[in-house]
Structures are given as C-alpha cells and as structure tokens.
Amino acid sequence: MASSEFTFYLRHDPAQLGGADPVDVGQARYLVNNVNHLADVAGQVWIDYRPHATSHFREPAIASTSEFKYIVTYGPFLARLRPDGSPYPLRCALCGKSQQGDNVTFRLAIGLNREIRDLVESGDASQCLEASTTSMNHGWLGTSVPGGSASTLIELPSSHEYMTEYTAESALAAGDPVSVRVAEVYVGVYGKTANVASKPHLSGLYVAEYVGL
Amino acid sequence: MSGGVPVRRLVAQHDGILIGKAVRSPHLFDVGAQANWLNGRASVLIPLFDPFITVNAGATATMRWRVETRYAAIQLIWLVFARSLDGTGRASAVQLAAPTGTTLTSRVAAAAREATAPLVLVQNLASQNASEVELSLDVKAIDFNCEVYGVACFEMPRLNLAQDANEYGVDLLTLGARQPIYDGAAGQSIDAVAEAVKRAKNIARRNGMLMWAVPEASALTTTSAVLVDLATVDAPALARCLFRDPATGLAELTRTVAWRVRVKIPNDGLTTGEIVVQTTRGGAGVTLATISIPVNSGAGAFHYLPSTAGAPSTFLLDCDDLTQVDGRQAPGGTPRFDFIKFRWRRTAGTGTVECNGVFVFEPAP
C-alpha cells in the first residue's frame, strides 16, 4: 500500500542537510516522505504488447470446452518486494479475440513457475484473472477475478519461495563475482472455448507493478 | 564500505519525528537503506513483448531499441522466448548475441509443444551510462525455423552501490548511533542520504514503458496518404505520479514521457512521412506529438527519429492514481488505462514508408 505521509514527492534541497546544519523536524519528515513515495511509485512494467496485424495471436495447441489449455508462460520477472516479502501487486490486462465468434475465456495466473498450471486449474482468486469475449476482432478485454468482481490487480502472497540467487558482476570490469538475491515470478495465460472449432486467440498482454492502495 | 542494496524495500517511519524530539539514527538508517534499494534494484528496460516473427534456419534476426539505462547498470539480462517449428518435434539450436555483431552464444529452443522456458543471455556492458543508448540483439536459428514469441530485457540488480556522484550509494554504517556526522564526504551521513533520495527521483524511473521492435525484414509499411493506425489495437500505459499539481493541490494527472521511432524511406528526394501519437487522455483523434520523416532522411536506411543526437519527442501520459485500487485514474467514476495510439502516413512522394520500432520511456529530467 502507499506509504508516504503526503502521497507526493516534496521538492527538497539536499544542501540544507549538510553536516554543519541542524536537522529540523520538517526536513527529516520531508526526507522520510520522499523516500517512501519514490518506493511507492518504483513499480516497473513487466509486459506490454499488442498485435500489429490480425494474424498476430497465440492460441492453445488443443482447444477444450472443459479445461483451460496452455497458451504462453513468460518469466522470470524480478519482482520488487514489499517489507513483508510479498511482491508488489500487479496490474494486468489481456488482449484477444475469438477465432469464430464463440465465447472464449482466458485465464491469467501469476506466481511461481511450477504452480502456474495448478493456479489456472483451481482458479485461485488471489492469483488469477479471467477475461471472456465473443468478438472476432482484437481488443483489450475486461478482466475479473474468477467467480468474482471486476479487477485488474493480482496481489501475490508473501513467500520466501520466490527467492533465488543470481551470480552477478560487482563492477564493470574485472570485478569479483557476487551473489544477488532476486525474487522470480512468472506469468501464464491459458484459454478455453465454448466450441473447439473456435480457439481463444491471445494477442496482447499488459502486466505492471503497482504498489496498491 | 559501499552502499548495500536491500532485497526488500522498507517503510521509513515518520511518526517519531516530532518537534521536541531528536531525529534518531534508526530514522536515517531506514531512509538510507531505502535510497540504496531505489537506486540499486534495477529497471526493466524492455518490457516483454511478442514480436510475432519467425527466424528461418540459418538466418539471423536483429532487433534494436532506444532506451535509457541507469548509470548503476553493469549487466543486462535478456529473456528470449523461442520454439522450434520443426514438424517432427525436434529442437533447434539458437544463437544469441547482444549487442548485435558480438560473439554468438548457443542456446536450444525446444519444439513447439515443449517450449515454455526462456533462453537467457546475460550481457556485460562495455561502459556505464545514464543517457540514451541503443540496445540490440541477434537471434540466429541454426537447425530449423524458429518462432520468437517474446523478448524482454532488464538490468541486473546490484549488490552494492559505489559511494560516488554517479551511483549515490549510502554507507549505512555512517548512519548508526554515535557515529560522527561527516560533511561533504561521498556516501556518508545525512547529506549523502538527502542527495541519494534526491537522485533516486530521477534514477528509479519507470524506464521502459512500451518497447516494440522487429527485424528490418519484418518492418511495417505504408503508402497511405491519410493517417492509419500503426498497430491493430492501442497500448495501455500509465506513468508514475510524483508531484502535486500546484493549480489544484491534487496529484498530477499527467507526466511527460519520451518516444522515438525507427523508420526508413527511400532516398529518392521526394518521399516524406510522419508518425503521430494520440492518447485516451488527449482525446480521440487529437494528435499530441508528431515525428516528421523529412526527405532523404536516413539516406535510404533504417534510422532513429528524432535524431539520437537530439532530445526525444515527448507527450503527456496519464499518471497512476494512488487513491485507486489498481492505480488507474477514474474520471467519471470509471477506471481506465491511458491508451497510446500511433498513426502514420506518407506525406509526399511515391515511396514506401517503413517502421520497425517504437519506443516509449520516461526520460531523465
């Protein structure tokens, strides 16, 4: 959630906080507010694309009317973590169409790579979003929590299982290798249809970190 | 010492900072640690996108982008999602190189029904740079035709930041209780904290917002004399919200973002073109910015516009609304993204106008 006192960045001159200057309450609170606000708005865009032609889409290899079938999985994305270890919530949107005008449903799941399939199957409301359409034209779709209300936000639970280590350089050239801890998160999209002759066509995705209310 | 970068952000507490009470060391320690987190946890430079391209066996697809890296970036992580299109389900070797023309590194693209993992390439940068640069990537299919269905690039997070006027790392030990207050020493004490927070405003940006690039052979083309859409649908985007609007006292509604395009026209002395940008905020059909393609621009080759030697073109994009559940502004009570629409046309001559890249990013002020 947003954590800064004023919910804005306050213009502030660092020269007022030299070693010889007194630290007054106002300046200190400005500093605290600013660093919190910058962290609140530090979320990054993970995915943003859309089609440039009607032939631009991905579809499941097998269409099903009863279960969601794999379309794409993307990741790992390096999540920004909140103080409790949970990733920043993710604002999502799906772009797609129906092959022949029958109702098609996309289900997007975000989490650990190994749990994406189970999340899709269970429709876990905390880590999945759904969107349906009968349109045969590409378009951004209204999303909702499976079985629930309209939403574009997925809020992942706190879990140490996101964490792994990358070996990185410590400096530009000739630096010693170091281990950097990162939180890896994956995004998967599956689809099903009311008619196997009319596959769900995924043509765009948007996923971005947002600190949440 | 150097500025250690925490894995998680903190929430620095202001409650105890009151008139009559001393500003204590833990307050400043949290601010310094969070400044290091902001400046060291890296950016997404190229948000993942699907180029919808096929690379034929033996061929190399080269893609190019304009981005603004952080100075602290010393390595980039590329994710390339590719799958072999061999009809009998055999995998294909794929070679990657970043930047283009450097040593190719071998990876394996699994067959279509098995390819769910990315091909990862870590690029060591030749220099540190906080200005606009070109990123490029070669994807070479070896055994069979390969479909590329995703490309992304982000900076490797840093473990420590240097205490200097480029990386602005804060030595957290100098913020401890009973430590001397250094004045003017890089990365130490309260003036370093204040400087790091000020710089974080520009460093911890939403660097890559919408990055689309395809190989030159897959460029879009137009000969239309009237504006037509560059993409089939528009792209959602929102900028970060920093300031209060002095006129209203409320959060700023829009933020300036930059864009460049990569285009080509024939070197015929006649053909010209233009690409315009429109947004939901700006109103349907209202052009917010135009990039003109003058006669003989690029001498018949693909090139960036505006020229990389100058300032990028800019337009206003909706900001996050921190009072909304998902940050989308809700004019009239209905939350919505700001959608970006690019349109283009040939403005003179008889040649074909081509485009193989559009790049939207938040520029450094």
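Every chain is numbered from 1, with letters handed out A, B, ... down the list of sequences.
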Quiz prompt | Pairs touching residues 4-36 of chain B that satisfy ring-ring contact (aromatic ring centres under 6.0 Å, His included), sequence neighbours left out | solution = none
Quiz item: Does the ring of Phe243(B) carry Arg11(A) above it, NZ/CZ under 6.0 angstrom from centre and within 45° of its axis?
Solution: yes
Quiz prompt | Least distance between heavy atoms, Ala126(B) atom then Leu172(A) atom | solution = O-CD2, 3.8 Å
Self-check item: Heavy-atom proximity to chain A below 4.5 Å, by part of Arg328(B)
Solution: both
Quiz prompt | side chain to side chain donor-acceptor pair (under 3.5 Å) evaluation trace for Asn124(B) with Glu169(A) | solution = CA-CA 8 Å; Asn124(B) 291 325; Glu169(A) 299 295 332; 4.6 Å; no
Quiz item: Under a 4.5 Å heavy-atom cut-off, does chain B meet the side chain of Tyr88(A), its backbone, both or neither?
Solution: side chain
Self-check item: Ser43(B) portion near chain A, given a 4.5 angstrom heavy-atom threshold
Solution: both
Quiz item: Tell me, do Tyr166(A) and Ile77(B) make a side-chain contact under 4.5 Å, heavy atoms counted?
Solution: yes
Quiz item: How far apart are the C-alpha atoms of Glu209(A) and Arg206(B), what are their side-chain angles, what is the distance that settles it, and do they pass the salt bridge (charged side-chain N to carboxylate O under 4.0 Å, His left out) test?
Solution: CA-CA 10 Å; Glu209(A) 294 171 317; Arg206(B) 199 164 292 175; over 6 Å; no
Quiz item: Is there a donor-acceptor pair closer than 3.5 Å between any side-chain N or O of Asn36(A) and the backbone N or O of Ala12(B)?
Solution: yes
Practice problem: Find out whether Gln34(B) and Val32(A) are in side-chain contact, i.e. whether some heavy atom of one side chain is under 4.5 Å from a heavy atom of the other. | Solution: no
Quiz item: For Pro51(A), is it the side chain, the backbone, both, or neither that has a heavy atom closer than 4.5 Å to a heavy atom of chain B?
Solution: both
Quiz item: Does any heavy atom of chain B fall under 4.5 Å from the side chain of Ser86(A), the backbone, both, or neither of them?
Solution: neither
Exercise. Please look at Asp234(B) and chain A and tell me whether the side chain, the backbone, both or neither of the residue comes under 4.5 angstrom of a heavy atom of that chain.
Key: backbone
Practice problem: Let me know if Asn202(B) has heavy atoms under 4.5 Å from chain A in its side chain, its backbone, both or neither. | Solution: neither
Practice problem: Would you please test Leu48(B) and Phe77(A) for side-chain contact (heavy atoms from CB on, under 4.5 Å) and show each step? | Solution: CA-CA 9 Å; Leu48(B) 187 137; Phe77(A) 299 98; 4.1 Å; yes
Self-check item: Toward chain B, the part of Ser55(A) with a non-hydrogen atom under 4.5 Å
Solution: neither
Quiz item: Taking C-beta and beyond as the side chain, do Leu18(B) and Val25(A) meet within less than 4.5 Å on heavy atoms?
Solution: no
Quiz item: Given a strict heavy-atom distance threshold of 4.5 Å, which part of Leu10(B) is in contact with chain A: side chain, backbone, both, or neither?
Solution: backbone
Quiz item: What residue in Ser203(A), Ala208(A), Gly43(A), Ser4(A) has the most heavy-atom pairs under 4.5 Å with chain B?
Solution: Gly43(A)
Exercise. Could you look at Gln75(B) and say if it's the side chain, the backbone, both or neither that has a heavy atom under 4.5 Å from chain A?
Key: side chain
Self-check item: Close side-chain approach of Leu38(A) and Lys201(B), heavy atoms under 4.5 Å
Solution: yes
Exercise. Give, as side chain, backbone, both or neither, the part of Gln188(B) having an atom under 4.5 angstrom from any heavy atom of chain A.
Key: neither
Self-check item: Side chain proximity check, Leu78(A) to Arg41(B), heavy atoms < 4.5 angstrom
Solution: no
Quiz item: In terms of heavy-atom proximity below 4.5 Å to chain A, should Ala42(B) be classed as side chain, backbone, both, or neither?
Solution: backbone
Quiz prompt | Aromatic ring pairing His56(A)/Phe52(B), orientation class (parallel under 30°, perpendicular over 60°, tilted between) | solution = parallel
Quiz item: Side chains of Leu242(B) and Phe8(A): does their closest heavy-atom pair fall under 4.5 Å?
Solution: no
Self-check item: Which atoms of Ile17(B) approach chain A - backbone, side chain, both or neither, heavy atom under 4.5 Å
Solution: both
Self-check item: Parallel, tilted or perpendicular, as decided by the 30° and 60° cut-offs, for the rings of Trp212(B) and His52(A)
Solution: parallel
Quiz prompt | Under 4.5 Å from a heavy atom of chain B, the part of Val207(A) involved | solution = neither
Quiz item: Between Val211(A) and chain B, which part of the residue has a heavy atom less than 4.5 Å away: side chain, backbone, both or neither?
Solution: side chain
Self-check item: Within-4.5 Å side-chain heavy-atom neighbours: Phe57(A) and Asp50(B)
Solution: no
Self-check item: Under 4.5 Å from a heavy atom of chain A, the part of Leu38(B) involved
Solution: side chain
Exercise. Decide yes or no on salt bridge (charged side-chain N to carboxylate O under 4.0 Å, His left out) for Asp320(B) and Arg91(A), but give the supporting numbers first.
Key: CA-CA 11 Å; Asp320(B) 288 338; Arg91(A) 180 169 55 209; 3.1 Å; yes
Quiz item: Is there a donor-acceptor pair under 3.5 Å between the side chain of Thr232(B) and the backbone N or O of Ala53(A)?
Solution: yes
Exercise. Would you mind reporting whether Phe154(B) and Trp46(A) have side-chain heavy atoms less than 4.5 Å apart?
Key: no
Practice problem: Please state whether the side chain, the backbone, both or neither of Phe339(B) comes within less than 4.5 Å of a heavy atom of chain A. | Solution: side chain
Quiz item: chain A heavy atoms under 4.5 Å from Leu238(B): which part of the residue, side chain, backbone, both or neither?
Solution: both
Self-check item: Contacting moiety of Ser179(A), where chain B heavy atoms sit under 4.5 Å
Solution: backbone
Quiz prompt | Contacting moiety of Leu250(B), where chain A heavy atoms sit under 4.5 Å | solution = backbone
Quiz prompt | Pairing of Arg9(B) and Asp40(A) as salt bridge, 4.0 angstrom limit | solution = yes
